[in-house]
Amino acid sequence: MWIVPEKEIAGLMTPEAAFDAVQAVFAAMASGKASNFPVVREAIGHEDALYGFKGGFDRSARNLGLKAGGYWPNNQRRELINHQSTVFLFDADTGRVQAAVGGNLLTALRTAAASAVSIKYLARPDAKVLGIVGAGHQSTYQLRAALDQRPFEKVLAWNRTPERLKRLEAAAQEKGLPFKSVTLEQLCRQADVVVTITSSFSPMIAEGLIRPGTHLACMGTDTRGKQEVAPEIVAASTVFTDEVAQSTTIGEAQHAFGMGLLDAAAIVPIGDVINKEHPGRRSAEEITLFDGTGVGIQDLAVASAAVDLAVARGRAVEVEM
């Protein structure tokens, strides 16, 4: 069994490698070569934590396993990030455990890669202004991944506590782009691409704020009850997702679906666009929305790539089982 500690991940995985792995996973899912298992995600009644499992099997890559972990909102007082997870990989032929991999940075990279894939395939080619809603740990990963997909000229951002936007400002300045802290109304009026990455349980972006032609990537809603945008926005958009079953149960579309505003049959797997089974954006005025719920085989794909790199570079620990 190989162990790849969290401390090794930053020196192994790049955003580009994560993007390639996630894009391949979406394509495999749409073609029926990969599937996810039902998600378990529960409040444990201790430290206000949410804990659960995401897993699946990708036949094309032979990745089998699960990610265990969740969200501990009080971790900052311990100088730890709130999201904590570990990925376990198993041999698809024998069921024997193959690897345990630190999953914190991998989760941030694959989540950012998923929204970046959606921007690549769904945002208008002439998109110039990027809007980021939220300033948590994953926000800078979202920003950097998005900036690789379009020639953005400006970054706008909003957070309930504006002083936390400094990390996003620094990330924008790394790319030489102007950055501005704005209201939600200003952000939605100006941004061509809006990425939401929060832990909200009530809609922050109200009905009518998103203008025609916007691409919206909702990346924070991955649990029953969470919500970042008004259900009317979801209903007015062409909705794409990583997995339809999760979109209607734990994703951003759960509310519009539950209210009868959105039919599950109208939600398009992003892999269909990658595989050219769906045209994606069909007009400059269309609002496209990517519901990024986070699927287990994304985690397996990036973890498998990390293990291969760690073994090749002598940075994995081998133990007998």
Side-chain angles (χ1 to χ4, degrees), residues 10 14-16 18-19 22-23 81-83 105 107-200 203-206 208-221 228-230 233 237 240 252 281 284 286-292:
T14 64
E16 294 77 16
F19 182 96
V22 169
Q23 181 175 244
I81 65 170
N82 292 340
H83 291 87
L105 178 56
T107 297
L109 289 172
R110 66 87 159 148
T111 305
S115 66
V117 169
S118 81
I119 294 169
K120 173 182 176 179
Y121 287 98
L122 300 173
R124 296 195 328 271
D126 63 346
K128 299 298 182 186
V129 180
L130 173 65
I132 303 288
V133 177
H137 173 71
Q138 292 198 17
S139 60
T140 54
Y141 297 97
Q142 294 289 330
L143 173 59
R144 293 187 180 102
L147 292 179
D148 288 336
Q149 301 308 315
R150 289 291 186 275
F152 291 108
E153 298 176 351
K154 180 167 61 174
V155 177
L156 306 177
W158 176 89
N159 192 62
R160 284 195 174 96
T161 50
E163 58 270 18
R164 295 189 65 191
L165 292 172
K166 293 185 183 300
R167 68 176 78 186
L168 283 169
E169 182 176 11
Q173 290 175 344
E174 289 173 6
K175 295 286 190 177
L177 292 179
F179 174 91
K180 190 173 182 180
S181 171
V182 295
T183 67
L184 275 174
E185 291 78 8
Q186 291 170 327
L187 186 150
C188 294
R189 280 201 304 266
Q190 298 178 50
D192 302 305
V193 173
V194 177
V195 179
T196 60
I197 183 69
T198 73
S199 299
S200 178
M204 295 167 299
I205 300 180
L209 285 186
I210 297 297
R211 62 193 178 106
T214 300
H215 174 59
L216 185 60
C218 298
M219 305 306 298
T221 302
E228 296 188 296
V229 304
I233 293 174
S237 306
F240 300 82
E252 191 62 42
R281 170 176 292 276
E286 183 179 16
I287 297 173
T288 54
L289 185 149
F290 177 65
D291 187 1

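Note: hydrogens, waters and symmetry copies are ignored here, and every other heavy atom, side chains too, is used.
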Inset, instruction - Tell me, yes or no, whether the heavy-atom count around Lys166 atom NZ, taken from other residues, nucleotides or ligands under 6.0 Å, exceeds 12. - result: no
Legend entry - Minimum heavy-atom distance Leu165-Ala135, with the two atoms named: CD2-CB, 3.8 Å
Legend entry - Within-4.5 Å side-chain heavy-atom neighbours: Leu289 and Ile210: no
Inset, instruction - Evaluate the side-chain proximity of Val155 to Leu143: yes if any heavy-atom separation is below 4.5 Å, no if none is. - result: yes
Legend entry - Spacing of His215 atom NE2 and Phe240 atom CZ [to the nearest 0.5 Å]: 9.0 Å
Legend entry - Steps toward side chain to side chain donor-acceptor pair (under 3.5 Å) verdict (Arg281, Thr288): CA-CA 7 Å; Arg281 170 176 292 276; Thr288 54; 3.0 Å; yes
Inset, instruction - I would like to know whether Gln149 and Ser115 meet side-chain contact (heavy atoms from CB on, under 4.5 Å); could you show each step before the answer? - result: CA-CA 10 Å; Gln149 301 308 315; Ser115 66; over 6 Å; no
Inset, instruction - State, with a plain yes or no, whether a side-chain heavy atom of Leu156 is found less than 4.5 Å away from one of Gln190. - result: yes
Inset, instruction - With the side chain counted from C-beta on, respond yes when Met219 and Val195 share a heavy-atom pair under 4.5 Å apart, and no when they do not. - result: yes
Inset, instruction - May I ask you to test the Ile197-Val133 pair for a side-chain heavy-atom distance under 4.5 Å? - result: no
Legend entry - Side-chain (Glu228) to main-chain (Thr198) donor-acceptor, under 3.5 angstrom: yes
Inset, instruction - Would you confirm whether Asn159, through its side chain, and Arg164, through its main-chain N or O, come within 3.5 Å as a donor-acceptor pair? - result: no
Inset, instruction - I would like to know whether Val193 and Phe152 meet side-chain contact (heavy atoms from CB on, under 4.5 Å); could you show each step before the answer? - result: CA-CA 10 Å; Val193 173; Phe152 291 108; 3.9 Å; yes
Inset, instruction - Over all heavy atoms of both residues, which pair between Ile287 and Ser237 is shortest? Give the atoms and the distance, please. - result: CG2-OG, 3.2 Å
Legend entry - Spatial distance of atom CG (Leu216) from atom OG (Ser118) [nearest 0.5 Å]: 9.0 Å
Inset, instruction - Please answer whether the main-chain N or O of Thr111 pairs with a side-chain N or O of Gln142 as donor and acceptor at a distance below 3.5 Å. - result: yes
Inset, instruction - Give, for atom OG1 of Thr214 and atom CZ of Arg124, the distance between the pair rounded to the nearest 0.5 Å. - result: 7.0 Å
Legend entry - Exam field: side chain Arg150 to backbone Ile119, donor-acceptor pair closer than 3.5 Å: yes
Inset, instruction - State the CG-CZ distance between Leu122 and Phe290, to the nearest 0.5 angstrom. - result: 8.5 Å
Inset, instruction - Working to the nearest 0.5 Å, report the span between CD1 of Ile132 and CG of Leu130. - result: 4.0 Å
Legend entry - Distance (rounded to the nearest 0.5 Å) between Asp291 CG and Cys218 SG: 6.5 Å
Inset, instruction - Heavy atoms only: give me the nearest Pro162-Ser181 pair and the separation to one decimal. - result: CB-OG, 4.2 Å
Legend entry - Glu252 (side chain) donor-acceptor with Val229 (main chain) under 3.5 angstrom: yes
Inset, instruction - For Ala191 and Gly131, work out which heavy atoms get closest and say how close. - result: CB-N, 3.8 Å
Inset, instruction - Search all heavy atoms of Ala113 against all heavy atoms of Val22 and return the closest pair with its distance. - result: CB-CG2, 3.9 Å
Legend entry - Note, Thr107 side chain near Gln138 side chain (heavy atom, < 4.5 Å): yes
Inset, instruction - Decide yes or no for Lys120 and Phe19: does some side-chain heavy atom of the first lie under 4.5 Å from some side-chain heavy atom of the second? - result: yes
Inset, instruction - Decide yes or no on salt bridge (charged side-chain N to carboxylate O under 4.0 Å, His left out) for Lys154 and Asp192, but give the supporting numbers first. - result: CA-CA 10 Å; Lys154 180 167 61 174; Asp192 302 305; over 6 Å; no
